[in-house]
Amino acid sequence: MPARKATNTRPRRAPAVDVFKFGGASLADAAAVRHAIGIILDERPSRTVTVVSALAGVTDALLAMAELARAGDMRGVDSAVDRLHARHRAVAEGILSSQRARNSLVKALDVAFAELRTLAHGVASLRELTPRTRDFLVARGEQLSAQLVVAGLLGRGAKAQYVEAAELIRTDGVFGNAFPDLAATDRLVRDRLGPLLRRKVLPVVPGFVGGGVDGALVTLGRGGSDLTATVLGRALKAQRISLWKDVPGLMTTDPRLVPSARIVPQLNVREAAELAYYGAKVLHPRALIPLARIAVPVFVRPFADPSAAGTEISTRHTLQRYPVKALSIVRAQALVTVTGNGMLGVPGIAARTFAALQQAGISVTLITQASSEHSISLCVPAERSKDARTALEQAFALELSRRELEGMDVKTGMATLAVVGLGMAGSPGIASRMFTALSTSSVNIVAIAQGSSELNISVVIAERDAEAAARSVHDEFQLDKIGGGGVRSDDRLDVILLGVGQIGRELLRILPRTRRRVKPTIVGLIDRSGYLFDPDGLSAKQLLAAVAHKEAGASLTSMPQALRATAPEAVAQIARHALSRPVLVDLTADETLPAIRKAIGADWDIVLANKKPLSAPRAEVQALRALAAQHGARILHETTVGAGLPVMDSYAKLVETGDKVLRVEGCTSGTLGFLLSEIGKGRPFSEALGDAMKLGYTEPDPRDDLSGMDVARKALILARLIGFTGDLSDVTVESLVPEAFRAMPVAKFKSTLAQQDKMWAERQAAAVRQGRVLRYVLRATPTKVKVGLQAVPPSHPLAGLRGTDNQIVFTTMRYREHPLVITGPGAGPAVTAAGVLNDILQLTPA
Ligand code: ADP
Ligand code: ASP
Ligand code: MG
């Protein structure tokens, strides 16, 4: 490999922490908690920080219980506590198999619920519920579920530890809606979790909770566990944050509202933040703020299907043909309008309005000022509309008394609909398309607001119109077509390269020179570390940078835009996007069947230079072929035998024209061809092999070539074409590595080559005495496959081979007397890449 110097290619040390958050909607019962524990242990056995929500419905139940206490309803409180206790006990009993562990967990729950009861009784007797006490009570939900998860992990033999949220998350202390002090929290988290992670302990943290002033517990607002996860991910510079939810990903809209909602494969963080802020329940409104400057990708992942890709929220901007990517609907809103001539030209009315409402702890979902500046309207949750009115009346008491403001109008029964997308700024007419769609479905728009970011447009509508409005806007922006493998264009062919080694780099070099109307577009690169992807095609600059990285020995994920993933994960993630005739090109020498199966499952075609997939056990290859047939996927693999020589192509043409191949023979190892022809010239084995290594003809360990396994794989692929039903283990292989040299380390093997010179000189001399030449030959019939050293007579076609040339000989019904012979260079990146390109072009529309 040429050691070209490249700038900027030193791999950054990979931050290796994962943050998992399990949402309440997912944690329904013992089976669900067991499933969550399984996910933690399956995905990463170490370096995972887990955040848990309260069990499904528990936060609501605790809040309701607190209200009963405030009302002094002692019996109501008791039965609520009993129900919660029973639920948690049932989970405890269902997640632990050891009786002892179960007993001690059940005891701990008994203590926790006794405390909770005492506290609630206290509230009930005083009939006073302060925000502080309410937060303290509600925090119990998360604290309990985190304890259950820790116990479950310990029960499975993992090292896990409960870490109190207040020890990690310092906040502004606002009860019910606290926000973290990010800098202080960063330090606490690193100090507290760093040592645990280094010891491979799995920390489990209750979500939704933080520490306030003077040791109080506070909560972070409904849905706050999302925020806990991003705050921890930020502090630890996690490689990713996974939010496990009860949906397949972040969707174009709430699937409960619009059944044709689709998974959005990737969203820019600004889009997702806007969507959350405008009320998409799937994310806490402020969850992405901690990640504004620290680019940790967040994945919304389906709890029910851990292998699915979900939605990636990251700094990229993909799916650019969709100016609008998602929409959110918030129901139960009230529109508060402040009117009056006194507003004209008076600065700061909007700011004062906001401030007044914020002080009262009321969240404003939308604010709009009429162009006349005669009125200002804002949306607040309907249940807070009375409080909003009071707060505003107080704030503007003076103006109201002077009649500069006429008064407040409050309309309940409203909903807001917001559309979000980065592409909106650049595409005019989005608003008018939205309004037309709404009016076509007879939805009346009560107010309009465009976010200053130009990332969103929001409208206020009557709540009864919400569903119709969501559907019509969803249709208008074709959101039911986003993502998921839909064919995008006939004029493209999207290539995803698996493996960016020598052949890959050569392919990237020659691909732009193809003379076809439709040029294949490289949209993705995958290596062992992760992947780089852009559905609109990776730019020449990105490709060059990737090549430079790989040549310098770095992995793809050391590039800023790349994401960490296994190959099957990368394929799944890429397959979420709408691609045109996607082709996975496997240039590795790895076990890639799982990734290939994923690709075929997504209707991709496959081009293989890798020999392993088709030389795998027969049942697996048959299953792969069946899957391909079912999906109409083609598998081309010309370069698995004889590099760019038209071996498979010739075979296919013979069969298509009704011929039958009886036998295949040949020399298909450039390395062994070179070695044997050098020995044939009288050179010692050690010298000849030394040259082969220097010229880059061998694998890093030359025994991989000398063992004959590479030829055996090719022989098996050819044999299977003509009906051989065996496996690699049924191929008779003669290894050229003497027994004594097989187990030693590579370095030792390389330094003792001369010890084999005598043996090779004798073999060579014997062949010469018979007037023959040595070749490493494969021979395959439908019943027998054999590879090994042979002395062939000079009249044999194989005798004439030179250097790294390959030869494949088909004996067929038609070519029985004079077999069909294909000869030529059969190794090296240049000819192999050309062969791969030829396969890709076969799949490309003319
Ligand atoms: P968690 O269990 O993590 O707290 P939530 O219940 O807060 O998860 O969020 C998931 C819910 O959000 C889903 O059940 C879905 O009904 C709702 N939802 C609203 N908008 C969307 C959207 N755009 N994509 C996915 N889910 C959405
Ligand atoms: N349990 C809390 C809630 O229901 C926090 C969360 O689930 O994220 O709002
Ligand atoms: Mg939530």
Side-chain angles (χ1 to χ4, degrees), residues 19-28 32 36 50-64 84 134-135 137-146 165 169 176-178 205-210 218-231 241-265 267 271-287 298-304 310-311 313 324-331 415-421 466 470 473-474 479 482-483:
V19 175
F20 282 178
K21 176 235 146 169
F22 293 96
S26 306
L27 298 176
T50 302
V51 174
V52 280
S53 291
L55 301 183
V58 164
T59 303
D60 286 332
L62 285 167
L63 285 169
L84 283 166
R134 189 211 310 257
D135 271 7
L137 284 172
V138 174
R140 272 298 148 94
E142 269 63 16
Q143 292 170 328
L144 287 164
S145 63
I169 298 178
N177 198 21
V205 183
F208 182 48
V209 181
V218 293
T219 60
L220 308 177
R222 295 308 304 264
S225 302
D226 295 331
L227 181 56
T228 308
T230 55
V231 165
I241 298 166
S242 299
L243 307 176
W244 298 95
K245 295 196 181 253
D246 66 335
V247 271
L250 201 152
M251 318 215 22
T252 49
T253 187
D254 191 338
R256 284 180 298 198
L257 207 62
V258 180
S260 60
R262 298 276 304 232
I263 306 164
V264 188
L267 232 75
E271 295 171 322
E274 200 91 350
L275 203 62
Y277 182 77
Y278 283 95
K281 193 205 167 218
V282 62
L283 270 186
H284 180 280
R286 296 193 278 183
V298 175
F299 288 81
V300 176
R301 301 175 70 178
F303 185 66
T311 296
I313 300 170
V324 168
K325 294 225 185 73
L327 58 98
S328 69
I329 291 267
V330 186
R331 294 163 183 268
T416 60
L417 184 163
V419 299
V420 170
V473 173
H474 197 262
L479 294 183
I482 215 163

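In listed order, ligands and their atoms are each counted from 1. Computed from a predicted model, the values in this text were never measured in an experiment.
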Heavy atom of His284, distance to ligand 1 below 4.0 Å: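 His284 does not count as a contact of ligand 1 under the 4.0 Å cut-off.
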Heavy atom of Gly24, distance to ligand 1 below 4.0 Å: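 Contact present.
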Passing option when Val324 is tested against Val473, Val420, Leu479, Ile482 for side-chain contact (heavy atoms from CB on, under 4.5 Å):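 For Val324, the side-chain contact (heavy atoms from CB on, under 4.5 Å) check succeeds only for Leu479.
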Contact check, side chains of [X] and [Y], non-hydrogen atoms, under 4.5 Å:
X	Y	result
Val247	Lys281	no
Leu257	His474	no
Ser242	Lys21	no
Thr59	Arg222	yes
Leu243	Val298	yes

N/O separation below 3.5 Å, Phe208 to ligand 2: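 Such a contact does not occur with ligand 2.
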Any idea which protein heavy atom is nearest [atom], and the distance to it?
atom	result
atom 6 (C) of ligand 2	Ser225 OG, 3.4 Å
atom 8 (O) of ligand 1	Lys245 NZ, 3.3 Å
atom 5 (P) of ligand 1	Lys281 NZ, 3.6 Å
atom 10 (C) of ligand 1	Asp246 OD1, 3.5 Å
atom 15 (C) of ligand 1	Asp254 OD1, 3.5 Å
atom 9 (O) of ligand 1	Val282 CA, 3.5 Å
atom 24 (N) of ligand 1	Met251 N, 2.8 Å

Contact (N/O only, under 3.5 Å) between Leu275 and ligand 1: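 Between Leu275 and ligand 1 (N or O atoms, distance only) the closest approach is not under 3.5 Å.
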N or O pair under 3.5 Å between Ser26 and ligand 1: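 N/O-N/O distance under 3.5 Å: no.
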Residue-ligand contact Gly223/ligand 2, heavy atom below 4.0 Å: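 The answer is yes: ligand 2 sits under 4.0 Å from a heavy atom of Gly223.
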contact_flag Gly207 ligand 2 heavy-atom lt 4.0 Å: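 No.
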Determine whether a donor-acceptor pair (N or O, by modelled atom type, separation under 3.5 Å) exists between the side chain of [X] and the backbone of [Y].
X	Y	result
Lys245	Val282	yes
Thr219	Asp135	no
Ser53	Ser225	no
Thr230	Ala287	yes
Thr253	Ala261	no

Show the atoms of ligand 1 that are less than 4.0 angstrom away from any heavy atom in [X].
X	result
Ala25	2 (O), 6 (O)
Lys21	1 (P), 3 (O), 4 (O)
Arg256	15 (C), 16 (O), 17 (C)

Parallel, tilted or perpendicular: rings of Phe22 and Trp244 (30°, 60°):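 Rings of Trp244 and Phe22: parallel, under 30°.
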Working for side-chain contact (heavy atoms from CB on, under 4.5 Å), residues Val209 and Thr228: CA-CA 8 Å; Val209 181; Thr228 308; over 6 Å; no
Region of Glu142 that comes within reach of ligand 2 [heavy atoms, distance under 4.0 Å]: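 Near ligand 2, Glu142 shows its side chain, while the N, CA, C and O stay back.
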Those atoms of ligand 2 less than 4.0 Å from some heavy atom in Ser53: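 Every atom of ligand 2 under 4.0 Å from some heavy atom of Ser53: 6 (C), 7 (O), 8 (O).
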Ligand-side contact atoms (ligand 2) for residue partner Arg222, heavy atom cut-off under 4.0 Å: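 With Arg222 as reference, the close atoms of ligand 2 come out as 3 (C), 4 (O), 9 (O).
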Option set Ala280, Gly223, Ala326, Gly249, criterion heavy-atom distance to atom 25 (C) of ligand 1, minimum: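 Among Ala280, Gly223, Ala326, Gly249, the closest heavy atom to atom 25 (C) of ligand 1 belongs to Gly249.
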Leu283, portion touching ligand 1 at heavy-atom distance under 4.0 Å: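 No part of Leu283 is near ligand 1 at this cut-off.
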